[in-house]
**Q** 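Below you'll find the structure I mean.
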2 protein chains.
Amino acid sequence: MDIRDKRILEALQEDATLPVADLADRVGLSTSACWRRIKALEEDGLIARRVALIDRRKTNVAMTVFVGVRTSRHSMAWLDAFRKVIQGIPEIVEAYRLTGDMDYLLRLVVPSVEVYDAVYKKMISEVDFTDVTSFISMEELKYTTAVPLRYA
Amino acid sequence: MDIRDKRILEALQEDATLPVADLADRVGLSTSACWRRIKALEEDGLIARRVALIDRRKTNVAMTVFVGVRTSRHSMAWLDAFRKVIQGIPEIVEAYRLTGDMDYLLRLVVPSVEVYDAVYKKMISEVDFTDVTSFISMEELKYTTAVPLRYA
DNA sequence: TGTGAAAACCTCGTAGT
DNA sequence: ACTACGAGGTTTTCACA
């Protein structure tokens with residue numbers, strides 16, 4: 001990828017409010033050239049969207065819990081049901097299917113262990129699990145939405 | 001929190017490009033009232049920042065790897081060193097300290113196992129670990145930067 | 001809280017390199 | 001494909017009623 005496209009993406013990953021003219025200066029392009037590149041990046045879907053990041057501590061979801069999940073029901077129907085449950089629970093902010101015998105890892109944000117327990121109960125009432133393990137995060141050392149662009 | 005502030009945050013968490021006037025309509029406020037609320041939410045730090053989300057598959061970091069890390073070096077110096085290493089590696093997008101005997105969980109985005117191996121080697125060359133376990137993600141079932149606002 | 005107007009910014013055309 | 005300029009529309013920003 002063009003080095004200037006990378007620099008545009010790098011900047012917008014950090015701050016999407018940057019005016020095109022400022023960004024153009026930083027990247028070493030004219031405003032219109034820079035604008036056209038941004039349009040192209042949006043068109044091509046490289047820039048998926050622009051969102052506001054909310055401070056979790058100030059919205060009472062300071063606690064992060066990881067939940068490891070195992071199942072013996074290796075059917076597509078089970079996966080679909082699980083998927084639906086995940087989508088319907090806003091406290092689940094990330095979910096991945098991992099290597100190995102159908103293991104899933106979820107990240108939840110909640111106000112407290114009590115609320116986590118309620119979410120946990122809701123989850124197991126809607127899908128079958130053979131095993132659930134939770135890990136509470138004591139500290140967030142790093143969290144960024146910016147991905148490395150050196151491989152692009 | 002005010003219900004209208006919540007609705008503003010909900011909308012901006014999904015799409016930060018929304019014009020204030022549109023947002024105002026949706027929330028049922030006048031443009032200026034809505035604008036003042038947004039300003040206040042930024043001022044108070046509830047809206048931390050606005051960023052562009054990049055499509056990982058299109059920037060060649062489609063692979064997600066989770067890395068569990070354990071150490072026997074329970075010193076502040078070790079933690080500081082670890083912190084610095086984490087910050088310096090852009091492939092590490094999330095890092096948490098978990099409950100239990102000094103366990104850490106990292107999330108990395110990389111192009112391939114080969115590159116993951118290189119990052120892994122870099123990591124262990126810079127800090128001491130007693131144990132490292134990695135889990136490769138086969139599928140991302142959910143990823144959102146939007147946090148639930150029902151507790152705010 | 002709402003109105004309105006100025007300032008800033010985006011959007012995109014055109015011409016020239 | 002980029003620069004430079006700029007018109008015209010949209011949006012932001014804020015003073016004042």
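Below, read A as the first sequence line, B as the second, and so on, with proteins coming before strands; counting in each chain starts at 1.
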**Q** For DNA chain D, which residues in residues 33-51 of chain A have a heavy atom at a distance below 4.0 Å?
**A** A:Ala33, A:Arg36, A:Arg37

**Q** With a 6.0 Å cut-off on the ring centroids, do B:Tyr96 and A:Phe66 count as close?
**A** yes

**Q** Determine, for B:Glu10 against B:Arg7, whether the closest basic-nitrogen to carboxylate-oxygen distance falls under 4.0 angstrom.
**A** no

**Q** Across the strands shown, which category fits A:Leu29 at heavy-atom distances under 4.0 angstrom: base, sugar-phosphate, nothing?
**A** sugar-phosphate

**Q** Under 4.0 angstrom, heavy atoms only, what part of the nucleic acid is B:Ser32 near: base, sugar-phosphate, or nothing?
**A** base

**Q** Quick one: is A:Arg4 getting a side-chain N or O under 4.0 Å of the D:dA1 phosphate, OP1 or OP2?
**A** no

**Q** Using a strict cut-off of less than 4.0 Å between a Lys/Arg side-chain nitrogen and an Asp/Glu carboxylate oxygen, indicate whether B:Arg150 and A:Glu91 qualify as a salt bridge.
**A** yes

**Q** With a 4.0 Å cut-off on N to O distance, would you call B:Glu140 and B:Arg56 a salt bridge?
**A** yes

**Q** Counting only heavy atoms and a strict 4.0 angstrom limit, can you tell me which residues of residues 13-26 of chain B come near DNA chain D?
**A** B:Pro19, B:Val20

**Q** Can you see whether A:Thr130 engages A:Arg73 through a side-chain donor-acceptor pair at a distance of less than 3.5 angstrom?
**A** no

**Q** With a 4.0 Å cut-off, would you call B:Arg107 and A:Glu94 a salt bridge?
**A** yes

**Q** Identify whether the distance between the nearest side-chain nitrogen and carboxylate oxygen of B:Asp22 and B:Arg26 falls below 4.0 Å.
**A** no

**Q** Report all side-chain donor-acceptor pairs from residues 78-85 of chain B shorter than 3.5 Å, counting only partners two or more places apart or in another chain.
**A**
from	atom 1	to	atom 2	distance (Å)
B:Trp78	NE1	B:Asp128	O	3.0
B:Arg83	NH1	A:Glu139	OE2	2.8
B:Arg83	NH2	A:Glu139	OE2	3.2

